[in-house]
Every structure is written in C-alpha cells, then in structure tokens.
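So that the names make sense, note that chain A is the first sequence line, chain B the second, and so on, each numbered from 1.
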There are 2 protein chains.
Amino acid sequence: MARRSEHTTEELKEIAIRAGFEMMDEKGYQGFSARGVAAKMGYTVGTIYHLFGDLDTFILNVNARTLDEWYEDEVSRAPKKAEQLVRYYAHSYLAYARAHYNRWSALFEHRMQDDAPVPKWYAPKMMRMFDLIEGAVMPHVGDDPKAAARLAKLMWASVHGISTLSLQGKLDQTGAGAAERMIDDLIALAVGGKKVFVGFDKR
Amino acid sequence: MARRSEHTTEELKEIAIRAGFEMMDEKGYQGFSARGVAAKMGYTVGTIYHLFGDLDTFILNVNARTLDEWYEDEVSRAPKKAEQLVRYYAHSYLAYARAHYNRWSALFEHRMQDDAPVPKWYAPKMMRMFDLIEGAVMPHVGDDPKAAARLAKLMWASVHGISTLSLQGKLDQTGAGAAERMIDDLIALAVGGKKVFVGFDKR
DNA sequence: ATTGTTATTGAACACTGTTGAATTATATGG
DNA sequence: CCATATAATTCAACAGTGTTCAATAACAAT
C-alpha cells in the first residue's frame, strides 16, 4: 500500500512521538519497541524508520518530549520566594522521578548504539535544567556565577544519585520519606550554613 | 549429545560466570548475550539455563562477581590513616567506575524482568559497601552510629550520581578532572567543616 | 547387563531491530 | 486528461535475542 495522506509528515511525527511517549509510560524502557509503537498508532514499523531514520533518533525524540514536559512542570510550579527555590527544585526532582518513573528512568536507561554521540539538538534539553538550579543557588553563594554553576551541578548530580538508587531499592532504606530526608540533609550541608552531622538532631 | 563430565556442576558455574564476567567487560551490558557467553565457554545456551535457571539469575551472578572484586579492591587498598578514609572511598568509587566502566555500569543497567525482587543473597553484596563508608565517616560525626549510617548513604548516593552523570557525559563539564573536583566539593561540604561555596576560592 | 539419572544439545517459538524491494496514492508536467 | 515521477506505506526477509523442551548420550547404580 502507499501514501494515505491523511496526515502531513510533521503530523505523523507528532503522532508517533505521542504514541511512543505513552508506551514508554505504560511499559517502561524495557517494554518499548518500534513495532509496538507502530501498532499503537495504526501503522507499521517501516513508517517509524521512514520518519526518524533510526530507532535511536526516535527514542531521543520521545525522551525529549519527557524533558520538555518536565522542564515545563518545574518552571510553572516553582515558588516565587527565592529562599525556598533550592529546596523546591531538589524535592521536585525526586517527586517527578517517583510519579513518572518509567519515562524518567528511560532518560538514563537509553544508550546510543556504538556509543554514537548524542545529536546537538538534544543535549541542551538536559543542560537547561542546570540554569534553573543555578539561579536558585545564586543567592547562597554570594552571587558568584562560577560558584553557582559548580554548586548547581553538584546538587543536581547528588539528587540524581539519591533518586536513582532510592527508587531502585539499592539504598537499604526503611520507611517512607527516607529519600526525602536524604535530600533535606544534602540541602542542609550545601546551603544550610550549619554543621548538620556533628551532634545532629534525631528527627 | 550428553554429559561430558569434564567438569562438575560447580566448576561449570564458575566457568560460566568467568566467561560472562569477561564478556561483560568487553562488550558491556548491551553486548552481553546468553548465546555469546555459551559460545565463549564452548557450550550451548541450554547449558546456561540448566546451570542458573533463568538469565536474570545468571546476570546477578556475574554482577556479584563484580561486586566481590570491587569490594576486595576497596578494602585491600584502603589507607591506614583514618582522616583520609572518606576522601579515599569517594575517589576510589569514581576511579573504579572509570577504569571498569562496562562491568560497573552493568550493576545498574540490569533490571529484573517483571520487576521481580532481587534474591536475598544478592542485596548484601551491594549493602556492605555502606559499612566501609560508615566506618570512614564515623569520626566526623562524633561517633554517632545513626548519623554515620545516614551520612554514609548520602555520600554514597551523591558520589554515585556524580559518577553516573559524569561518565555518561550528561554534566556538560569541560576539562579532565571535573568529576574529581565535584567529589572534592562534596567532601568539603559534608565533612570539611567550613563553608565552601560562599566566597569560595577559584581553584 | 539393565535400568535410571542427568548433562548437553538442537530445534522450535515468539520476539527484537533493520533493511530494501514492491506497491500505490498523490503531485507534477505535458 | 492522461502519463510520469515522487514518495508514503507495507511486506517480507535476515540476523539476532530469550526461552522452552524433547531427544540424545554419557555416566552411576543396581
């Protein structure tokens, strides 16, 4: 068969990404397959390859959708008060990872085949998250931009590690809210300004 | 064909794990396959299923080998001086991940199918790493065991996050040693006892 | 020797990703 | 208005994957 011309190429890409996004949400990265997505949108595998060239590119587009949705979420719900921003972003990261585990973890489970480099349009979608945290951290480092960039990445990476290991059950933590408490500890250390763990209070 | 009886079952398991370990090192988690390992050891796929029941169990055994090797490595090379222990373990984590990226990342890329729980013999091999750090951290928290456990996990998770994102190139960091500097910053915050990022020195 | 046990294989099944040739609907040009 | 070119879509095929299981053959026990 051939051209249905029910949709333009751009519309089809959108449909494919949408279907892929939903499938990622439902089945997770492991259950994600080109044939599955194609079936979901009422087409065949070949169409996806025709639209995106290769599977890596398609998955990157699906993950980019997640990053866009996530970024939008962070920005729109950020509080106005500057003092609470750091705490908000840190906990918001964990909250999003928890609430949308499948599509969040897909961001980090995906690997380019043959260790091919990530295309240039994708990387910024990950990196711009730093800008948010940089801004939030700024008042805590005496408005030093270099210090802010450095601390922002440190906090981002640390929160990421806490979230990853915690949600994978690799932290041997008991009770709900353990990961949240770890993040609070981190914030206290990085930005709290007082010694937290020497003679610390048993909360 | 049938029983060659060149090796006992235990010997065969050892051979399989060894072959799997090497294959993981060479090809990475993505390039790891049951047939590949079987071929490498001069047998067929069925033998691996006969030995381990299912592929998850086999991979866990291979990863357990990594954890054993890693743990041994950490313990044997740890310095005597207590003051340097925290710094040693933190940097040692990153160093191992860098030097043996394939088998290290396999520890975290592997997911149980159907989200089946990890068998009870496996989890401790991951958890005992905490004990090392707990001990190293202890003098820094006034010998409070609860505080030590809490800080140890925080540092472990944070260093894990730094290593993961850094080695995956998701941190937008320029220049060699950037990840190492992040770890130094973390140590300074957690255990250094002074404010690091307010008026911090541009090293 | 005969029987039983079990290690090992091989073939089959249902899936992957990936490629390319065959179709056919539409756009273009005469 | 018909002929031709373009390109969207499908289908079939290939080489892999994990997984299961009957058939085989080597050994142990009686």
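The CZ atom of B/Phe52 sits 16 Å away from the C1' atom of D/dG18 (whole-angstrom rounding). Across the protein-nucleic acid pair, A/Lys27 atom NZ and C/dC15 atom P stand 12 Å apart, rounded to whole Å. Across the protein-nucleic acid pair, B/Tyr49 atom OH and C/dT8 atom P stand 17 Å apart, rounded to whole Å. D/dA7 atom C1' lies 13 Å from atom CG of A/Leu12, rounded to whole Å. At whole-Å resolution of the value, CD in A/Glu6 and C1' in D/dA8 are 12 Å apart. To the nearest angstrom, C1' of D/dA8 lies 14 Å from CD1 of A/Ile15.
Each of A/Tyr43 and B/Gly31 has a nearest nucleotide on DNA chain D; the 5'-most of these lies closest to A/Tyr43. When the nearest nucleotides of DNA chain C are assigned to A/Val45 and B/Gly46 by heavy-atom distance, the more 5′-ward of the two goes with B/Gly46.
A/Thr66 and A/Asn63 form no side-chain donor-acceptor contact under 3.5 Å, judged by distance and modelled atom types alone.
A/Thr8 contributes a side-chain N or O that, together with a main-chain N or O of A/Glu10, makes up a donor-acceptor pair within less than 3.5 Å. Judged purely by atom type and a 3.5 angstrom limit, A/Ser166 has no side-chain atom pairing as donor or acceptor with the backbone of A/Ser163. The main-chain N or O of B/Ala116 is never found under 3.5 Å from a side-chain atom of B/Asp114 such that the two would form a donor-acceptor pair. Here the side chain of B/Lys153 pairs a donor or acceptor atom with the backbone of A/Asp172 at under 3.5 angstrom.
Using a 4.0 Å heavy-atom criterion, one finds that A/Gln113 contacts the sugar-phosphate atoms exclusively. Within 4.0 Å (heavy atoms only), A/Ser33 reaches sugar-phosphate atoms of the nucleic acid but no base atom.
Phosphate contact (OP1/OP2 of D/dA8, side-chain N/O of A/Thr47, threshold under 4.0 Å): absent. Phosphate contact (OP1/OP2 of D/dT9, side-chain N/O of A/His50, threshold under 4.0 Å): absent.
Scanning atom types as modelled, one donor and one acceptor separated by under 3.5 angstrom connect the side chain of A/Arg35 and the base of C/dG17.
With C/dA7, C/dT18, C/dT8 as the candidates, the nucleotide lying closest to the side chain of B/Thr9 is C/dA7.
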